[in-house]
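Following: one structure in C-alpha cells, then a few remarks.
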Amino acid sequence: MSVIDAGSYEKLALFIDGQWLSGEGRREQEVTDPADGSVLGMLPHATQRDLEAALAAAQRAFGEWRHTSPLERGKILRRVAELARERAEAIGRNMTLDQGKPLAEAVSEVRASADHAEWHAEECRRIYGRLIPPRVPGVRQSVTREPVGVVAAFTPWNFPFNQAIRKIAAALGAGCTIVLKGPEDSPSAVIALARLFDEAGCPPGCVNLVWGIPAEISDFLVRSTIVRKISFTGSIAVGKQLAALAGAHMKRVTMELGGHTPVIVFSDADVESAARLLVQQKFRNAGQVCVAPTRFYIHEQAYDRFMATFLEEVERIKVGNGLDPTTRMGPLAHERRVSSMLSFVDDAVSAGARVECGGERIGSTGSFFAPTVVSGVADSAQLMKVEPFGPIAPIARFSEFEDVTARANGLPYGLAAAVFTGSAATAQAAAASIESGMVTVNHWGLGLAETPFGGVKESGVGSEGGAETFDGYLVTKFVTELH
Ligand code: NAD
C-alpha cells in the first residue's frame, strides 16, 4: 500500500476547546482511499480525558455563547459560508480521496453546504417568543425559546461536509455548543469544516470534534449529564440504539435515518425525461444517499419506454477514480458496501429477479461496483425491503393507484418519495397518500437549506433545514409575572 504525500491530504486531528490534538500516545486508525486502498493518513482517537475535556469546554463555552446576539452568531456563520466557497476545491479533493465520490460532486457538496450556514445565519434572527394575553390585569405572560444546551452529534460518511455543517450551524445558530463525532472512514471534510469555524471567529469550546470507536464515543457522550441533546444521521438500527439511550436519560433527539425511496412513474408522465433524471439521482454518490430513489414502480403502460431509456443512460455511466474528471461514479465508500451489494443481488436473483446490467464488482482494486439495474424483483426480496444504500436500481411494474401507494407505504421507512405524472390531481392524491417526510413531484427538489429535511415512521424524528431547523435545539420557557 502506498501512502500519498502527507502534505497534500488533510492533517488529521481532534479539535477540542480551540486546540488541534493528535499523537501523544493516542490510539490511531488508518484512513484509506476506497479507489485503491492506499493509506491517506492516521486518524487519532479521543481518549476518555479528551472526551471529558470536550464536554467541559462545550459546557463552559455555552455559558457565554447562549447570550451572544443572533447578529453575532450570524456573522460567524456567514463567514463560514464564504470560506467554504473559497476552499471548496481543496476540501472537495480530499473528500474524493477518502470518500470516493467524483470530484465535481464533492466540490458541489461543499459549495451547496455554504447555503446551510447562510440559512442558519438568517433564520436565527427569527427565533421569536410571544406574549399571551392575561386573564387578569397586571399579569404578564411571556413565552421564550432558549438554547437547549450542549449538543452531541454524530454524522455519517456519505456527505461528510453537508451532514456536519447542518448540525453545527443549527446548534450554534440556536445558541448551543456542540461536540461532534464525524465519520472515521471519511474524516477530512469535517476537520476542514472545524477549521472554517475556528477561522471564522467561533470562540474556543463552541465546536469540538472527536473521533473514535463510534459506539464507545456515543455511549459516553449520550450518558453525560452535560449533554442535553443528541443529533444523529445514519442507519435506523444505530438511530434506535441512540434514541433509546437518549430516552433513558430524558434527552431530546433529532434522528435523520435511512430511507427506501419509492419512485412512482404514472403512464401520463414524461417517461423518458423521468428516466434520465432518475438515473442521475440513483447513481449520484454511487447510490449512497439516504433519499436516493431505491424502489422503482413503473406503470405497466410506461414500463418498456422507461426501461429502455433508463438502461441506455445507465450504460453511459463511466465508473472510475473520482479524481478523473471523466468519472461519473466513483468507488463505494468502503469494502463493506460492496459485500452488501453482492448479497442484495444474489438474494434478488434467487427470488426470481433478472439482472439487466451490472450486478458485480468491478476490478480487484478498490471498492468498485457496477451500476446495476434489476427487473422483476419480488416485493419479498431484500432489495425491496431493506435500504440498499448503493448503486442498484430495482424496477417493478404496477397497474393500479391504490396498489402502488400501498406498496410504497408497505415498509417501516418514511423518508422521501418521488412521483412522476402529467396530472395535478394524481400528483396531489399520491403526495397525500404516501407516508413520507418528503415528496418530490416531476423533479428532484430535496435537501435545500430553506426546506425541511426529515423522515417519518422509522426514518427519523425532527427536521433539519427550513423554518423548522431550530425546533430541536430550543426549549420553551413560560414566565408569568404579576406587577
Ligand atoms: P453503520 O450503521 O455502521 O454506520 C452509519 C454511520 O453511523 C457511520 O457514520 C458510523 O460511524 C455511525 N455509527 C455507527 N454506530 C454508531 C454508534 N453506536 N454511535 C454513533 N455513531 C455510530 O453503517 P455503515 O455500514 O457505515 O453504513 C451503511 C448504512 O448506514 C446504510 O445502510 C444506511 O442505512 C446508513 N446510513 C445512512 C445515512 C443517512 O444519511 N441517513 C448515511 C450513512 C449511512
Side-chain angles (χ1 to χ4, degrees), residues 29 31 34 43 45-46 51 98-101 109 151-167 179-187 189-190 209-224 227 230-246 253-261 284-292 294 332-341 343-344 367 369 382-383 385-392 411-416 437-438 446-447 453-465:
Q29 86 177 66
V31 175
L43 182 71
H45 281 194
L51 296 178
D98 65 20
Q99 199 273 349
K101 68 181 66 177
E109 176 181 335
V151 176
F154 308 92
T155 57
W157 45 263
N158 58 339
F159 290 97
F161 196 84
N162 173 284
Q163 308 274 14
I165 202 168
R166 279 168 171 258
K167 296 194 194 299
V179 178
L180 184 134
K181 188 200 81 60
E184 285 76 14
D185 297 307
S186 317
V190 187
L209 179 58
V210 296
W211 309 103
I213 308 289
E216 290 176 11
I217 305 264
S218 59
D219 192 69
F220 189 85
L221 295 181
V222 177
R223 284 176 197 277
S224 163
V227 169
I230 316 300
S231 182
F232 172 73
T233 299
S235 64
I236 289 177
V238 174
K240 283 181 175 173
Q241 286 168 26
L242 295 187
L245 188 59
V253 294
T254 298
M255 292 280 153
E256 295 289 352
L257 307 178
H260 203 334
T261 304
R284 182 168 74 107
N285 200 6
Q288 302 162 120
V289 181
C290 55
V291 293
T294 45
L332 301 193
H334 31 66
E335 196 50 36
R336 59 184 186 274
R337 298 304 321 139
V338 177
S339 331
S340 179
M341 293 309 108
S343 57
F344 276 119
S367 311
F369 195 81
Q382 286 295 97
L383 197 45
K385 294 195 301 190
V386 178
E387 172 184 37
F389 223 68
I392 307 183
L411 299 182
Y413 299 94
L415 188 59
M438 297 170 278
L446 307 175
F453 189 98
V456 298
K457 296 163 80 176
E458 293 194 5
S459 289
V461 177
S463 293
E464 293 185 331

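Nothing here was measured: the structure is a model prediction, and the numbers come from that model. For ligands, and for the atoms within them, numbers begin at 1 and follow the listed sequence. Worth knowing before you read on, the calculation uses all heavy atoms, side chains too, and leaves out hydrogens, waters and symmetry mates.
- Proximity of F159 to ligand 1, defined as any heavy-atom pair under 4.0 Å, is not found for any part of the residue.
- Put simply, no part of Q288 is less than 4.0 Å from ligand 1, judged by heavy atoms.
- Salt bridge annotation for R166-E256: absent, with no cationic side-chain nitrogen under 4.0 angstrom from a carboxylate oxygen.
- Remark: minimum distance from atom 22 (C) of ligand 1 to any protein heavy atom is reached at P214 CB, 3.4 Å.
- Ligand-side atoms of ligand 1 in range of K181: 11 (O), range being under 4.0 angstrom from any heavy atom.
- A donor-acceptor distance shorter than 3.5 angstrom exists from the side chain of R337 to the backbone of F389, with no hydrogens or angles considered.
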One pair to check against side-chain hydrogen bond (donor to acceptor under 3.5 Å, both in side chains): S367 and H334. What are the steps and the verdict? CA-CA 6 Å; S367 311; H334 31 66; over 6 Å; no
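- For atom 1 (P) of ligand 1, the nearest protein heavy atom (residue, atom name, distance) is S235 OG, 4.1 Å.
- Counting heavy atoms from C-beta on, the side chains of L332 and P34 never come closer than 4.5 Å.
- In the vicinity of R336, heavy-atom distances shorter than 4.0 Å reach the ligand 1 atoms 24 (P), 25 (O), 26 (O).
- Distances below 4.0 Å separate heavy atoms of E256 from the following atoms of ligand 1: 41 (N).
- Those atoms of ligand 1 with a heavy atom of Q163 less than 4.0 angstrom away are 40 (O).
- Proximity to A215 (heavy-atom distance under 4.0 Å) selects the following atoms of ligand 1: 17 (C), 18 (N).
- The shortest contact between atom 39 (C) of ligand 1 and any protein heavy atom is with C290 CB, 3.5 Å.
- Within a 4.0 Å radius of atom 3 (O) of ligand 1, the protein contributes no non-hydrogen atoms.
- Taking every non-hydrogen atom of L257 and a distance limit under 4.0 Å, the qualifying atoms of ligand 1 come out as 41 (N).
- In this structure E387 satisfies the salt bridge (Lys or Arg N to Asp or Glu O under 4.0 Å) test with no other residue, sequence neighbours excluded.
- For T155, every heavy-atom contact with ligand 1 shorter than 4.0 Å involves the backbone, none the side chain.
- For atom 34 (O) of ligand 1, a protein heavy-atom neighbour is found at a distance under 4.0 Å.
- Note that atom 7 (O) of ligand 1 has protein non-hydrogen atoms nearby, at separations under 4.0 angstrom.
- Each of the atoms 17 (C), 18 (N), 19 (N), 20 (C) of ligand 1 lies under 4.0 Å from some heavy atom of S218.
- Near T233, with a cut-off below 4.0 Å to any heavy atom, the atoms of ligand 1 are 39 (C), 40 (O), 41 (N).
- Closest to atom 27 (O) of ligand 1, if we only count protein heavy atoms, is W157 CZ2, 3.4 Å.
- Looking from atom 9 (O) of ligand 1 to the surrounding protein, the closest heavy atom is P156 CA, 3.3 Å.
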